[in-house]
> 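Would you mind keeping the following structure in view while I ask a few things?
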Amino acid sequence: MRTRVRCPGSCGLAASLGTHPCRTVPLLLLLLLLAPPAWCSWWLMGALGLHVSCEHVPGLLGRQRQLCLGHADVMRAVARGTRNWLRECQHQFKNHRWNCSTSTRDQRLFGKAILRSSRESAFVYAISSAGVVHAVARACGRGELRACACGAPEHSSGDFAWAGCRDHVRYATRFARAFVDAKERAEKDARALINLHNNRSGRKAVKRFVSRECKCHGVSGSCSLRTCWHELAELRRSGDFLRRRYDGAVRVALNQDGSGFIVADRHFKQPSKSDLVYSEPSPDYCVQDQDVGSLGTDGRVCNKSSRGTDSCEVMCCGRGYDTRRVTRTKQCECKFRWCCAVRCRECSETVDVHTCKAAGQDV
Ligand SMILES: *[C@@H]1O[C@H](CO)[C@@H](O)[C@H](O)[C@H]1NC(C)=O
Ligand SMILES: *[C@@H]1O[C@H](CO)[C@@H](O)[C@H](O)[C@H]1NC(C)=O
Ligand SMILES: *[C@@H]1O[C@H](CO)[C@@H](O)[C@H](O)[C@H]1NC(C)=O
């Protein structure tokens with residue numbers, strides 16, 4: 001039974017939170033309810049692992065709410081997809097100043113940055129769309145979704161028969177388009193067009209790694225009958241692909257009447273459908289600045305022998321670094337014993353860990 005709870009005093013909002021008495025309402029949820037809805041989104045459902053019903057996820061739009069209500073099974077997949085793409089995003093950027101870290105205490109997840117149209121938000125939009133498609137398609141493939149007929153009736157097309165999943169990616173793409181793009185389809189400003197483009201590019205990055213797998217049947221492998229199905233690669237493949245697209249992202253500018261965007265530098269070619277596009281330059285992410293979504297790199301671990309983005313020079317923005325000597329134990333000299341055990345020794349190793357100095361600290 002759902003009861004309406006009116007919280008007294010400080011929280012003072014009418015919250016319909018199931019049967020929770022007011023004082024057990026998690027602080028987080030209160031923050032969400034107090035937050036301007038525009039900043040809340042379906043991302044929360046997975047990222048925060050909130051088991052709230054569709055009516056109580058703030059910021060869901062009418063259409064999203066409808067889809068949410070009608071497809072509880074798909075929503076579970078969406079939530080799983082959200083955790084997966086967040087992890088994938090962090091993997092792709094672990095060695096960078098901007099490392100896709102989110103703040104679960106902040107319903108905006110990425111701070112205000114994501115409201116901008118930087119390269120980083122382009123990536124986040126794309127990978128989030130990809131993550132949803134991937135998780136929904138996987139769930140469909142496992143037969144977990146009522147509305148997604150995956151084990152399509154066997155039917156022949158040419159010299160092979162379909163067995164198992166054929167349409168799951170198409171279903172997932174359609175669902176993701178309807179659910180994720182619900183908002184910006186309605187308000188067609190230029191920034192929305194940029195986001196739409198990146199979301200679409202993310203969905204395509206999943207489709208790209210669907211392959212047709214077949215198996216031979218027939219007398220002693222004669223392959224007189226083949227059955228085939230569509231197999232979905234790991235999300236990592238799409239993540240790697242989008243990461244390269246991030247590097248080659250195309251800067252665009254809005255065209256005069258605001259109906260679309262054009263490539264900002266006319267020496268560049270028009271972005272293709274799988275390119276990422278952005279319109280605002282990124283901050284350097286060296287110092288903390290909430291307004292641009294930068295956490296700064298104080299205290300980040302850097303790699304002294306690297307020459308890349310994780311080098312102490314680059315990561316610490318020239319501020320210098322502190323070095324700590326730490327000893328850790330790990331398993332070593334592992335041997336396989338017949339049969340069947342692996343025996344290891346414990347070794348200790350001493351390593352230097354370098355961390356970036358804070359801005360304004362003595363170098
Ligand atoms: C793109 O995806 C994001 C999150 O993944 C969503 O919030 C946004 O509404 C989508 N944008 C468009 C243009 O559909
Ligand atoms: C990402 O950066 C933030 C702030 O610079 C830091 O707190 C966090 O630990 C980093 N995350 C990872 C996974 O390195
Ligand atoms: C540091 O960078 C070097 C050179 O790129 C690499 O070989 C090494 O594995 C890195 N160390 C760590 C701890 O990531």
Side-chain angles (χ1 to χ4, degrees), residues 46-47 49 76-77 79-102 104 123 127 130-131 134-135 137-139 141-144 163-165 205-206 208-217 220-221 223 227-244 246-247 295 297-316 320-357:
R76 274 193 294 278
R80 197 180 313 132
T82 306
R83 289 190 293 275
N84 293 346
W85 70 254
L86 276 169
R87 212 179 307 124
E88 181 59 28
C89 182
Q90 285 166 3
H91 166 82
Q92 294 293 341
F93 287 91
K94 62 179 185 293
N95 292 334
H96 289 253
R97 287 180 189 160
W98 180 79
N99 65 2
C100 200
S101 73
T102 55
T104 42
F123 184 84
I127 193 75
H134 194 269
R138 274 274 159 98
R142 283 194 297 259
E144 291 170 9
C165 270
V206 175
R208 171 177 289 264
F209 299 109
V210 173
S211 56
R212 197 175 81 192
E213 302 291 326
C214 295
K215 198 166 145 188
C216 278
H217 308 278
S220 60
C223 214
T227 51
C228 303
W229 63 94
H230 276 152
E231 191 149 300
L232 191 54
E234 295 297 319
L235 185 60
R236 178 59 41 85
R237 292 284 295 279
S238 309
D240 290 343
F241 177 81
L242 289 172
R243 180 64 179 76
R244 292 194 295 276
Y246 164 90
D247 287 334
L295 296 172
T297 62
D298 298 2
R300 283 285 297 277
V301 172
C302 61
N303 183 338
K304 207 177 159 185
S305 49
S306 164
R307 308 182 117 230
T309 52
D310 61 339
S311 68
C312 291
E313 212 32 55
V314 175
M315 184 64 82
C316 307
Y321 52 88
D322 297 315
T323 302
R324 234 172 343 122
R325 181 149 285 193
V326 298
T327 305
R328 38 189 170 208
T329 57
K330 62 171 195 177
Q331 309 244 297
C332 62
E333 293 176 33
C334 296
K335 289 206 180 89
F336 181 74
R337 290 282 172 87
W338 185 263
C339 178
C340 296
V342 178
R343 296 255 165 76
C344 299
R345 282 185 8 147
E346 294 231 307
C347 306
S348 68
E349 60 169 7
T350 301
V351 289
D352 288 336
V353 175
H354 312 288
T355 50
C356 295
K357 281 187 194 287

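Heavy atoms only: backbone and side chains are in, while hydrogens, waters and symmetry mates are out. Sequence positions, counted from 1, serve as the residue numbers for this chain.
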> Might you point out which heavy atoms bring V206 and S238 nearest each other, and give the distance in Å?
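Reported closest heavy-atom pair: CA-OG, 3.6 Å.
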> Among all residues two or more places apart in sequence or in another chain, which pass the disulfide bond (SG atoms under 2.5 Å apart) test with C339?
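With sequence neighbours excluded, C339 shows a disulfide bond (SG atoms under 2.5 Å apart) to no residue whatsoever.
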> Do the cysteine sulfurs of C332 and C344 sit under 2.5 angstrom from one another?
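Not so, these two cysteines form no disulfide.
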> Using side chain to side chain donor-acceptor pair (under 3.5 Å) as the criterion, point out the one residue from K215, E213, H217 that pairs with T227.
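Between T227 and the candidates, side chain to side chain donor-acceptor pair (under 3.5 Å) is satisfied uniquely by H217.
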> H354 and M315: side chain to side chain contact (heavy atoms under 4.5 Å, CB included), yes or no, with the steps?
CA-CA 11 Å; H354 312 288; M315 184 64 82; over 6 Å; no
> Hey, is C316 close enough to C302 that the SGs sit under 2.5 Å?
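No, the SG atoms are not under 2.5 Å apart.
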> Check H96 against N99 and note the closest heavy-atom contact, atom names and distance.
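Closest approach of H96 to N99: O-CB, 3.7 Å.
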> Assess whether a salt bridge exists between R243 and D247, defined as any Lys/Arg side-chain N lying under 4.0 Å from an Asp/Glu carboxylate O.
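Looking at D247 together with R243, the answer is yes, because their closest N to O distance falls below 4.0 Å.
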> Give me the atom names and distance for the closest heavy-atom approach of I127 to C89.
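Heavy-atom minimum between the residues: CG2-CB, 4.3 Å.
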> What's the separation between atom CZ in R237 and atom CD in E88, rounded to the nearest 0.5 Å?
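So the gap between those two atoms works out to 12.0 Å.
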> With heavy-atom distances below 4.5 Å as the criterion, would you say the side chains of T355 and Y321 are in contact?
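Not in contact.
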> What's the spacing between Q92 CD and Q90 CD if we round to 0.5 Å?
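Q92 atom CD to Q90 atom CD measures 11.5 Å (nearest 0.5 Å).
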> Would you say the side chain of E144 lies within less than 4.5 Å of the side chain of R76, judging by non-hydrogen atoms?
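Of all side-chain heavy-atom pairs linking E144 with R76, none is under 4.5 Å.
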> Ignoring hydrogens, what is the shortest heavy-atom contact between E234 and H134? Give both atom names and the distance.
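For E234 versus H134, the nearest heavy atoms are C-NE2, 3.6 Å.
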> Please identify each residue that fulfils side chain to side chain contact (heavy atoms under 4.5 Å, CB included) with R343, with sequence neighbours left out.
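Once residues adjacent in sequence are excluded, the partners of R343 under the side chain to side chain contact (heavy atoms under 4.5 Å, CB included) criterion are R337.
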> Under 3.5 Å, sequence neighbours excluded: what are the donor-acceptor pairs made by side chains of residues 304-312?
{"unit_1": "S305", "atom_1": "OG", "unit_2": "N303", "atom_2": "OD1", "d": "3.0"}
{"unit_1": "S306", "atom_1": "OG", "unit_2": "G308", "atom_2": "N", "d": "2.9"}
{"unit_1": "S306", "atom_1": "OG", "unit_2": "D310", "atom_2": "OD1", "d": "2.5"}
{"unit_1": "T309", "atom_1": "OG1", "unit_2": "N95", "atom_2": "O", "d": "2.9"}
{"unit_1": "S311", "atom_1": "OG", "unit_2": "G308", "atom_2": "O", "d": "2.9"}
{"unit_1": "S311", "atom_1": "OG", "unit_2": "V314", "atom_2": "N", "d": "3.2"}

> Out of curiosity, C356 SG to E313 CD, how far, rounded to the nearest 0.5 Å?
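Going from the SG atom of C356 to the CD atom of E313 covers 10.0 Å.
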> Cut-off 3.5 Å, side chains only: do S348 and E346 have a donor facing an acceptor?
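No pair is found: no donor N or O on one side chain lies under 3.5 Å from an acceptor on the other.
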> Which pair of non-hydrogen atoms, one from A130 and one from L242, has the smallest distance, and what is that distance?
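Looks like CB-CD1, 4.2 Å.
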> Can you tell me how far the CZ atom of F241 sits from the CZ atom of F209, to the nearest 0.5 Å?
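Taking CZ in F241 and CZ in F209, the distance rounds to 6.0 Å.
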> Would you compute the distance between atom CG of N84 and atom CZ of R236 and round it to the nearest 0.5 angstrom?
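N84 atom CG to R236 atom CZ measures 10.5 Å (nearest 0.5 Å).
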> Report yes or no: does E231 contribute a side-chain atom to a donor-acceptor pair with the main-chain N or O of S211 at less than 3.5 Å?
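It does not hold such a pair.
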> Taking all non-hydrogen atoms of both residues, which atom of R138 and which atom of L232 are closest, and how far apart?
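In terms of heavy atoms, the two residues are closest at NH2-O, 3.1 Å.
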